[in-house]
Amino acid sequence: MTKTVKDYIRTIVDFPHEGILFRDVTTLFADARGFRMAIDQLLHPYAGQRIDKVAGLEARGFILGGAVAHQMTTGFVPIRKKGKLPGATISQSYTLEYGEAVVEIHDDALQPGEKVLLVDDLLATGGTAEAGIRLIERLGAQVIGCAFVVDLPDLGGRKKLEAMGMEVHALCSFEGL
């Protein structure tokens, strides 16, 4: 039987809090075939489209986004937590389950009109991805798609991003929280 991307992802019970089923993609990254399959499947829907940059959300989105950008022969742009980028930045706050967080992008990372693919490992509530989209758009670039390894549909992130007019591509989904 052929393995799917989902087969490489382990579930850790009660992490980081009791009642949470944590979907751990590090086991996917550690397996050469699984990692290659994930990268190939993340970029497949965008083959033949113009993509100027791949943007990855901290931190696992850097691993995936860098590999996708390499395969597409395009540049990679990190979207990082506040205070981690050395140059001039713009920032965007977003709501977390408890409180608020801020992500940043270098203010010269993207040019107006550039087409950007946003990549991350997991889509939950969509807050981080929404903040990343807003940063990309504030620099005048256009998000042509949002690609994730895992979608947690019960948390509503896909609906949030689709309501913003985004195309969402996920390799697999897990029900529940």
Which residue pairs pass the salt bridge (Lys or Arg N to Asp or Glu O under 4.0 Å) test with at least one member in residues 61-81, sequence neighbours excluded?
-> Glu58-Arg80
Heavy atoms of other groups near Arg33 CZ, more than 12 under 6.0 Å = no
Taking the side chain as every heavy atom from C-beta outward, state whether Leu64 and Asp120 have any atom pair closer than 4.5 Å.
-> no
With a 4.5 Å limit on heavy-atom distance, are the side chains of Val143 and Met166 in contact?
-> yes
Quick one: ring pair (Phe, Tyr, Trp, His ring centres under 6.0 Å) pairs with a partner in residues 132-174, sequence neighbours left out?
-> none
Determine yes or no for a side-chain-to-main-chain donor-acceptor pair under 3.5 angstrom, with Ser173 supplying the side chain and Ala170 the backbone.
-> no
Can you tell me how far the CG atom of Leu42 sits from the NE2 atom of His44, to the nearest 0.5 Å?
-> 12.0 Å
Can you check whether Val13 reaches Leu21 side chain to side chain, under 4.5 Å on heavy atoms?
-> yes
Asp14 side chain vs Gly19 backbone, donor-acceptor pair below 3.5 Å = yes
Between Phe76 and Lys53, is there a cation-pi geometry (under 6.0 Å to ring centre, at most 45° from the normal)?
-> no
Exceeds 12 heavy-atom contacts within 6.0 angstrom, atom NZ of Lys3 | yes
Is Arg158 reaching over with its side chain to a backbone N or O of Leu123, donor-acceptor style, under 3.5 angstrom?
-> no
Can you check whether Gln111's main-chain N or O pairs, donor with acceptor, with Glu114's side chain at less than 3.5 Å?
-> yes
Mark yes when over 12 heavy atoms from residues, nucleotides or ligands other than Arg138 sit less than 6.0 Å from its CZ; otherwise mark no.
-> yes
Would a distance-only check, ignoring hydrogens and angles, find a side-chain to backbone donor-acceptor pair under 3.5 Å from His106 to Thr89?
-> no
Below 4.5 Å, heavy atoms only, C-beta onward: do Leu57 and Val103 meet side chain to side chain?
-> no
Thr4 vs Asp7, side-chain hydrogen bond (donor to acceptor under 3.5 Å, both in side chains): CA-CA, chis, key distance, verdict = CA-CA 5 Å; Thr4 66; Asp7 295 325; 3.3 Å; yes
Results of ring-ring contact (aromatic ring centres under 6.0 Å, His included) for Phe35 - residues two or more places apart only = Phe29
Considering all heavy atoms, the nearest Leu161-Glu130 contact = CD2-N, 4.0 Å
Looking at side-chain heavy atoms only, is the closest gap between Val150 and Asp121 below 4.5 Å?
-> no
Using the rule that two of Ile, Leu, Val, Met, Phe, Trp, Tyr join whenever any of their side-chain heavy atoms come within less than 4.5 Å, decide whether Leu139 and Ile136 are in one cluster.
-> yes
So, Lys84 and Glu104, do they make that salt bridge, N to O below 4.0 Å?
-> no
Ignoring hydrogens and angles, tell me if any N or O in the side chain of Thr27 forms a donor-acceptor pair with the backbone of Arg10 under 3.5 Å.
-> yes
Any ion pair linking Asp52 and Lys115 (charged N to carboxylate O, less than 4.0 Å)?
-> no
Using a cut-off of 6.0 Å, state whether more than 12 heavy atoms not belonging to Glu100 lie near its atom CD.
-> yes
